[in-house]
**Q** 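My structure is below; once you've seen it, I'll send some questions.
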Amino acid sequence: MKQEIAAEVAEMVKNGKKQPHLAAVLVGHDGGSETYVAYKIKDCEAVGFKSSLIRYEDDVTEVQLLAKIKEMNEDEDLTGFIVQLPLPKHISEQKVIEAIDPKKDVDGFHPVNVGRMVIGLPSFVSATPFGIVELLKRYKIETNGKNCVIIGRSNIVGRPLSVLMSHKAVNATVTVAHSRTENLEEVCSKADILIAAIGVPGFVKANMVKEGAVVIDVGTTRVKSDETKSGFKLKGDVLFEEVAGQCSYITPVPGGVGPMTRVSLLQNTLLAAKKEIYG
Ligand code: GUN
């Protein structure tokens, strides 16, 4: 997919069009956010996008951040931008998200984009759900009429994914399970497609997975490790060793959903550059 995007960007530039430009705002020094933003910048370089990183310390005020967003909304050189979450407690994430011009909201977090996505209008779609649907499509996984169970109802993953999976392009029958779901193991064990997005390492065990199911692991919990250079290791929500043998497909962690999320942000930025969502 990155090669496809890079080829399209090269063609655009050859035809005298502007190079897509993605900016990321990073507040503070959260380890996970630092890593994710570094990947985003690297991905931009790989496909020929221009990229910018705007850094603030933890003590930036909400007023300062909102002023920067206003400036970025008006910056004609900028195709799209993201504000990496989480933000420090003294800043309202919702206020920040709603300050972003929906036309530049390549994260797809603004209520206008979420609302448009829900009713099937062109919109920027949150990168992880977008990537998961693309993954199912590219691996030709049958979704028509299938029973899809999503564990987790976050605004970024579970909830938007549940809507996408129910759209006519996918046609799954969707259950959103969460911390209050009764008989969770039984609910999960009926899934043809089981998607875990709860952030609890190893939560999904063999007794929750139907023989032959497709299992998508969205978990990326950072745990301390002596085995890696960074001192951290990513852990998925699925107990891979126990579950892998009984499903038809399973995504690994790291790998799987992470790279698809990364490429989806590039895809959204390309859609913004081509003005395919809002004209
Ligand atoms: N934090 C965790 N995931 C994301 C994401 O997709 N976008 C932003 N902006 N912040 C995040």
Side-chain angles (χ1 to χ4, degrees), residues 1 21-44 49 51-56 58 60 62 65-66 68-69 72-73 78-89 91-114 117 123-135 150 152-161 164 195-200 216-222 232 234-237 253-254 256-272:
M1 287 182 68
H21 180 186
L22 174 68
V25 179
L26 176 58
V27 180
H29 298 274
D30 173 79
S33 295
E34 292 267 6
T35 308
Y36 295 137
V37 168
Y39 279 144
K40 288 170 188 181
I41 301 289
K42 192 170 143 226
D43 290 340
C44 283
F49 289 177
S51 65
S52 302
L53 172 59
I54 296 103
R55 297 196 73 124
Y56 289 102
D58 275 320
V60 65
E62 191 177 274
L65 198 54
L66 293 173
K68 184 67 191 175
I69 290 170
M72 294 169 94
N73 283 339
L78 210 49
T79 312
F81 64 96
I82 64 134
V83 179
Q84 188 67 26
L85 305 179
L87 292 171
K89 294 226 163 13
I91 299 172
S92 159
E93 288 187 354
Q94 200 53 37
K95 244 192 207 173
V96 165
I97 289 169
E98 290 186 41
I100 300 171
D101 182 344
K103 295 184 180 66
K104 291 195 174 183
D105 169 38
V106 286
D107 253 338
F109 292 172
H110 192 287
V112 166
N113 278 312
V114 179
M117 182 275 289
S123 60
F124 294 115
V125 176
S126 177
T128 301
F130 187 12
I132 291 170
V133 171
E134 192 64 28
L135 184 76
I150 300 168
R153 54 182 161 181
S154 69
N155 287 347
I156 295 183
V157 184
R159 204 183 306 279
L161 184 57
L164 289 180
I195 306 177
I198 34 177
V200 180
I216 309 277
D217 191 347
V218 187
T220 52
T221 307
R222 275 161 55 93
F232 288 97
L234 287 185
K235 285 270 182 204
D237 288 348
V253 177
V257 174
M260 290 308 296
T261 299
R262 285 167 59 179
V263 86
S264 298
L265 178 64
L266 298 174
Q267 195 82 52
N268 273 343
T269 307
L270 185 61
L271 288 171

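When a ligand or atom number is given, it counts from 1 through the structure's own listing order.
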**Q** Does Y36 have a non-hydrogen atom less than 4.0 Å from ligand 1?
**A**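 False for this residue.
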**Q** Does the D217 side chain pair with the main chain of D237, one donor and one acceptor, at a distance under 3.5 Å?
**A**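 Yes, because the side chain of D217 sits within donor-acceptor range (under 3.5 Å) of the backbone of D237.
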**Q** Looking at F232, I'd like to know if its CZ atom is crowded, meaning that more than 12 non-hydrogen atoms belonging to other residues, nucleotides or ligands lie closer than 6.0 Å.
**A**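 Atom CZ in F232 is packed in, count exceeds 12.
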**Q** Quick one: look up the protein heavy atom nearest atom 10 (N) of ligand 1 and list residue, atom name and how far away it is.
**A**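 Result: L85 N, 3.0 Å.
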**Q** Around atom 9 (N) of ligand 1, find the nearest protein heavy atom and jot down its residue, atom name and distance.
**A**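 Protein heavy atom at minimum distance: D107 OD2, 2.6 Å.
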**Q** Do side-chain atoms of S126 reach the backbone of P129 as a donor and acceptor pair under 3.5 angstrom?
**A**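 Not confirmed, S126 side chain does not pair with P129 backbone.
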**Q** Could you grab the distance from atom CE of M260 to atom CD1 of I216, nearest 0.5 Å is fine?
**A**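 Nearest 0.5 Å value for the CE-CD1 distance: 9.5 Å.
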**Q** Using only atom types and a distance under 3.5 Å, with no angle test, would you say the side chain of K104 pairs donor to acceptor with the backbone of N73?
**A**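 Answer holds: yes.
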**Q** Report, in ascending order of atom number, the atoms of ligand 1 lying under 4.0 Å from any heavy atom of V83.
**A**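 Here the atoms of ligand 1 in question are 8 (C), 9 (N).
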**Q** Check for a donor-acceptor pair, side chain of N268 on one end and backbone N or O of V125 on the other, with a separation under 3.5 Å.
**A**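 Confirmed, N268 side chain pairs with V125 backbone.
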**Q** Check whether any heavy atom of K40 sits under 4.0 Å from an atom of ligand 1.
**A**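 Yes, that is the case, since the closest heavy atom of the residue is under 4.0 Å from the ligand.
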**Q** What is the nearest protein non-hydrogen atom to atom 3 (N) of ligand 1, stated with its residue, atom name and distance?
**A**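 Checked against all protein heavy atoms, atom 3 (N) of ligand 1 sits closest to Q84 NE2, 4.4 Å.
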**Q** For atom 5 (C) of ligand 1, grab the closest protein heavy atom and report residue, atom and distance to one decimal in Å.
**A**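 Scanning the protein heavy atoms, the shortest distance from atom 5 (C) of ligand 1 goes to F109 CZ, 3.7 Å.
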